[in-house]
Every structure is written in C-alpha cells, then in structure tokens.
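Quick notes on the structure that follows.
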Protein chains: 2
Amino acid sequence: MLSKKTKYGLKALTFLAAQKGRAPVQISEIAKHENISQKFLESILLTLRKTGLLGSKKGKGGGYYLIKEPKDIPMTTVMRVLEGPIAMVPCVSLNFYEKCEDCPDEASCSVHKLMLQVRDSTLEVFRNNTLADLVP
Amino acid sequence: MLSKKTKYGLKALTFLAAQKGRAPVQISEIAKHENISQKFLESILLTLRKTGLLGSKKGKGGGYYLIKEPKDIPMTTVMRVLEGPIAMVPCVSLNFYEKCEDCPDEASCSVHKLMLQVRDSTLEVFRNNTLADLVP
DNA sequence: TTATTACCCTATCGATTTAATAGAGTAAGC
DNA sequence: GCTTACTCTATTAAATCGATAGGGTAATAA
C-alpha cells in the first residue's frame with residue numbers, strides 16, 4: 001500500500017510542475033489545493049528539499065519550487081525518496097539490499113524468484129515516467 | 001513491503017507443490033523446513049484452506065495438501081488471498097476498488113495515472129506465473 | 001532596523017497493523 | 001478410547017503511520 005506521505009508528495013510535486021513559472025509556491029497554497037494537512041505536508045516538502053528535488057525560499061514571497069525541469073526528474077528517484085525501496089522484499093532490492101534472515105539460499109527461493117520479476121516490471125514503469133508525464 | 005504472512009504462505013505453498021505426491025504434510029514439517037513459527041503458519045494455512053487452495057486431513061497421518069495442480073493456481077489468486085489488493089492504491093484496484101476521499105477527479109489525478117501503470121505491470125507478472133513456476 | 005512572513009525542527013500521541021504466542025477445542029484415525 | 005493434528009479465539013508486544021502542537025530561525029520588504 002502506498003503511504004500517504006508518498007501520495008501527498010507526488011501530488012505536491014505534480015502541482016509544482018504544473019505551475020507556469022518556477023516561482024516559489026507557499027506550502028499553504030499547495031496544502032489547500034491538494035487537500036493535504038499543512039503540517040504533514042511541511043515535513044514531506046522538507047524531505048524533498050533535503051534530497052535536492054526542491055528548493056525553498058524564506059520570507060515574504062517565499063515557498064517551494066522545483067530545481068530541475070519535470071522531464072528531468074524520473075519517478076524512480078521520487079519513489080525511492082518518498083516511499084523507500086521499490087522492491088517488495090529487501091533481498092531483491094537494488095538500492096536497499098538486505099539478506100533474508102530465514103532463507104538459506106536466494107537462488108532457490110520461490111519468493112525471491114517471483115518478487116524479482118515484480119521489481120523489474122515496476123522499475124520499468126518508474127523509469128519510463130518522469131514528473132512531466134504526471135502533469136495532466 | 002511484502003508481509004511475512006504472504007512470504008510464509010508462498011513458501012508453504014511452494015513446499016507443498018514440490019512434494020512428489022499429494023499426500024498430506026504436517027504443519028510442523030512445513031514450519032521446520034521453511035523456518036516459520038508454527039503457530040503463525042497454522043493461521044496462514046487455515047486461510048488458504050478456507051479460500052479453497054488447500055485441503056486438510058485431521059488425525060494421525062493428517063496435514064495439508066494442494067487441492068489443484070500447481071500449474072492451475074495462478075499467482076493472482078494466491079497474492080490476493082494472502083496480501084490483499086495488488087494495486088498500491090484502492091482507486092486503481094480491480095477487486096478492492098475504493099474512491100479516494102481527497103481526490104476530486106480520478107482522471108486528472110497524477111497518482112492515479114502512475115499507479116494504474118504499476119498495477120497493470122504487476123498484474124501481468126502474477127498472471128504469467130503459476131505456483132508451478134515457483135518450484136525450483 | 002524592524003516587523004512580518006514563511007520555512008525549519010522537535011516532540012508527542014492515538015490508531016492501526018503486524019507478527020507472534022497461548023491455550024483450549026474438535027475431529028479423524030489406529 | 002486415546003493419540004494425533006488440525007481449528008479457533010484471545011491476547012500482546014512492537015512497529016509504523018498520519019496527524020498535531022509549538023516554538024525557532026532566516027530572509028525579505030518597508
């Protein structure tokens with residue numbers, strides 16, 4: 001299940017991408033337009049800024065804005081920042097790999113075999129989509 | 001993230017599919033072989049039996065066994081029983097559809113658009129795999 | 001320089017879910 | 001009729017999630 005953090009993050013990014021210019025947009029405006037708890041959104045935008053996806057400007061006329069062009073922001077990046085691993089099990093994760101405690105042998109593990117396919121197909125979707133593709 | 005319930009369920013099913021005959025296998029044997037808490041496994045196997053994937057036999061020489069041939073058990077069925085919805089958001093789920101509270105319009109929702117693609121590609125993987133494909 | 005605006009950070013909290021455990025009950029077979 | 005092994009209910013500890021509260025700080029305009 002997609003977390004609300006990811007859901008809200010995606011909506012906020014799309015909203016920013018849909019802006020005409022790259023002028024800062026206030027948190028309150030995004031929250032209002034997308035029906036998101038403002039405080040919760042604050043923490044999400046903060047994460048996105050720390051990761052380098054967003055820039056921010058303080059003071060009057062401040063807010064958040066995209067640093068790169070939407071077409072240059074692949075969904076793989078966004079999803080990993082917001083949701084974490086794309087794989088459903090750590091033992092098939094590219095960026096967050098962990099060995100299973102129980103499983104003695106990955107090569108012969110049925111779960112591993114299936115989830116590897118799921119990871120690959122999901123990854124392909126995220127690689128084929130940039131933020132620009134999400135803007136209506 | 002895949003729940004342990006699903007993970008254990010998949011391993012148990014694969015173990016049963018790998019048996020030579022279709023003779024009942026005791027819970028304790030499956031639990032031991034797959035490194036699973038026996039009590040937890042009990043509840044999982046019970047679910048699988050109630051859904052019609054497994055049969056059970058009580059008393060001495062009893063246990064659980066597959067009702068159908070592994071090649072006739074698609075992963076879509078197994079995953080829906082164990083993990084629930086395949087979609088990451090209810091608004092793109094085929095079997096567990098729910099409208100989003102916040103979202104005013106699905107057609108123009110960026111999250112909807114992206115998750116629809118993910119659902120489709122994941123579904124294709126599960127449709128292309130039967131339990132027989134998981135046996136090493 | 002000063003007031004305001006709006007981002008920044010920490011802490012907390014209730015609700016829910018997950019994984020596991022305990023213990024008693026019941027049906028089948030020898 | 002006794003053992004075996006499945007069946008069911010209840011409980012619990014831990015983790016996570018979503019949300020909220022409240023104050024701090026930096027940048028900007030006047």
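Lettering of chains follows the sequences in order, A, B, ..., and the numbering in each one begins at 1.
You'll find the side chain of Ile36(B) stays beyond 4.5 Å of the side chain of Ile44(B), heavy atoms only. By the 4.5 Å heavy-atom criterion applied to side chains, Tyr64(B) and Leu53(B) are not counted as neighbours. The side-chain heavy atoms of Leu82(A) and Thr47(A), taken from C-beta on, include no pair separated by under 4.5 Å.
Criterion: ILVMFWY side-chain heavy atoms under 4.5 Å apart, direct or through other members. Under it, Leu13(B) and Ile86(B) are part of a common hydrophobic cluster.
Scanning residues 2-24 of chain A for heavy-atom distances under 4.0 Å to DNA chain D yields Ser3(A), Lys4(A), Lys5(A), Tyr8(A). Using a 4.0 Å cutoff on non-hydrogen atoms, the parts of residues 35-57 of chain B near DNA chain C are Ser37(B), Lys39(B), Phe40(B), Lys57(B), ordered by number.
Residue pairs meeting the salt bridge (Lys or Arg N to Asp or Glu O under 4.0 Å) criterion with at least one partner in residues 2-17 of chain A, sequence neighbours excluded, are Lys7(A)-Asp102(B), Lys11(A)-Asp102(B). Within the structure, every pair that satisfies the ring-ring contact (aromatic ring centres under 6.0 Å, His included) test and touches residues 20-45 of chain A, not counting sequence neighbours, is listed here: Tyr8(A)-Phe40(A), Phe15(A)-His33(A).
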List the atom pairs, with distances to 0.1 Å, where a side-chain N or O of residues 65-80 of chain A and a protein N or O form a donor-acceptor pair under 3.5 Å, not counting sequence neighbours.
none

Could you tabulate the donor-acceptor pairs under 3.5 Å formed by side-chain atoms of residues 109-136 of chain A, not counting sequence neighbours?
{"unit_1": "Ser110(A)", "atom_1": "OG", "unit_2": "Thr14(B)", "atom_2": "OG1", "d": "3.0"}
{"unit_1": "Lys113(A)", "atom_1": "NZ", "unit_2": "Asp133(B)", "atom_2": "O", "d": "3.3"}
{"unit_1": "Gln117(A)", "atom_1": "OE1", "unit_2": "Asn129(B)", "atom_2": "ND2", "d": "2.9"}
{"unit_1": "Gln117(A)", "atom_1": "NE2", "unit_2": "Asn129(B)", "atom_2": "OD1", "d": "3.4"}
{"unit_1": "Arg119(A)", "atom_1": "NE", "unit_2": "Val92(A)", "atom_2": "O", "d": "2.8"}
{"unit_1": "Arg119(A)", "atom_1": "NH2", "unit_2": "Val92(A)", "atom_2": "O", "d": "3.3"}
{"unit_1": "Ser121(A)", "atom_1": "OG", "unit_2": "Val118(A)", "atom_2": "O", "d": "3.2"}
{"unit_1": "Thr122(A)", "atom_1": "OG1", "unit_2": "Val118(A)", "atom_2": "O", "d": "2.8"}
{"unit_1": "Asn128(A)", "atom_1": "ND2", "unit_2": "Glu124(A)", "atom_2": "O", "d": "3.2"}
{"unit_1": "Asn129(A)", "atom_1": "OD1", "unit_2": "Gln117(B)", "atom_2": "NE2", "d": "3.4"}
{"unit_1": "Asn129(A)", "atom_1": "ND2", "unit_2": "Val125(A)", "atom_2": "O", "d": "2.9"}
{"unit_1": "Asn129(A)", "atom_1": "ND2", "unit_2": "Gln117(B)", "atom_2": "OE1", "d": "2.9"}
{"unit_1": "Thr130(A)", "atom_1": "OG1", "unit_2": "Ala132(A)", "atom_2": "N", "d": "3.2"}
{"unit_1": "Thr130(A)", "atom_1": "OG1", "unit_2": "Asp133(A)", "atom_2": "OD2", "d": "3.4"}
{"unit_1": "Asp133(A)", "atom_1": "OD2", "unit_2": "Thr130(A)", "atom_2": "N", "d": "2.8"}

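With sequence neighbours excluded, no residue satisfies side chain to side chain donor-acceptor pair (under 3.5 Å) with Asn95(B). Here Gln26(A) pairs with Ser28(A) under the side chain to side chain donor-acceptor pair (under 3.5 Å) rule; sequence neighbours left out. With sequence neighbours excluded, the residues satisfying side chain to side chain donor-acceptor pair (under 3.5 Å) with Ser3(B) are Thr6(B), Glu83(B). For Gln19(B), the side chain to side chain donor-acceptor pair (under 3.5 Å) criterion is met by no residue, not counting sequence neighbours.
Taking the 5' to 3' direction, DNA chain C first and last meets chain B under 4.0 angstrom from a heavy atom at dA19(C) to dG29(C). On the nucleic acid side, DNA chain D has its first and last nucleotide under 4.0 Å of a heavy atom of chain B at dT4(D) to dC8(D), going 5' to 3'.
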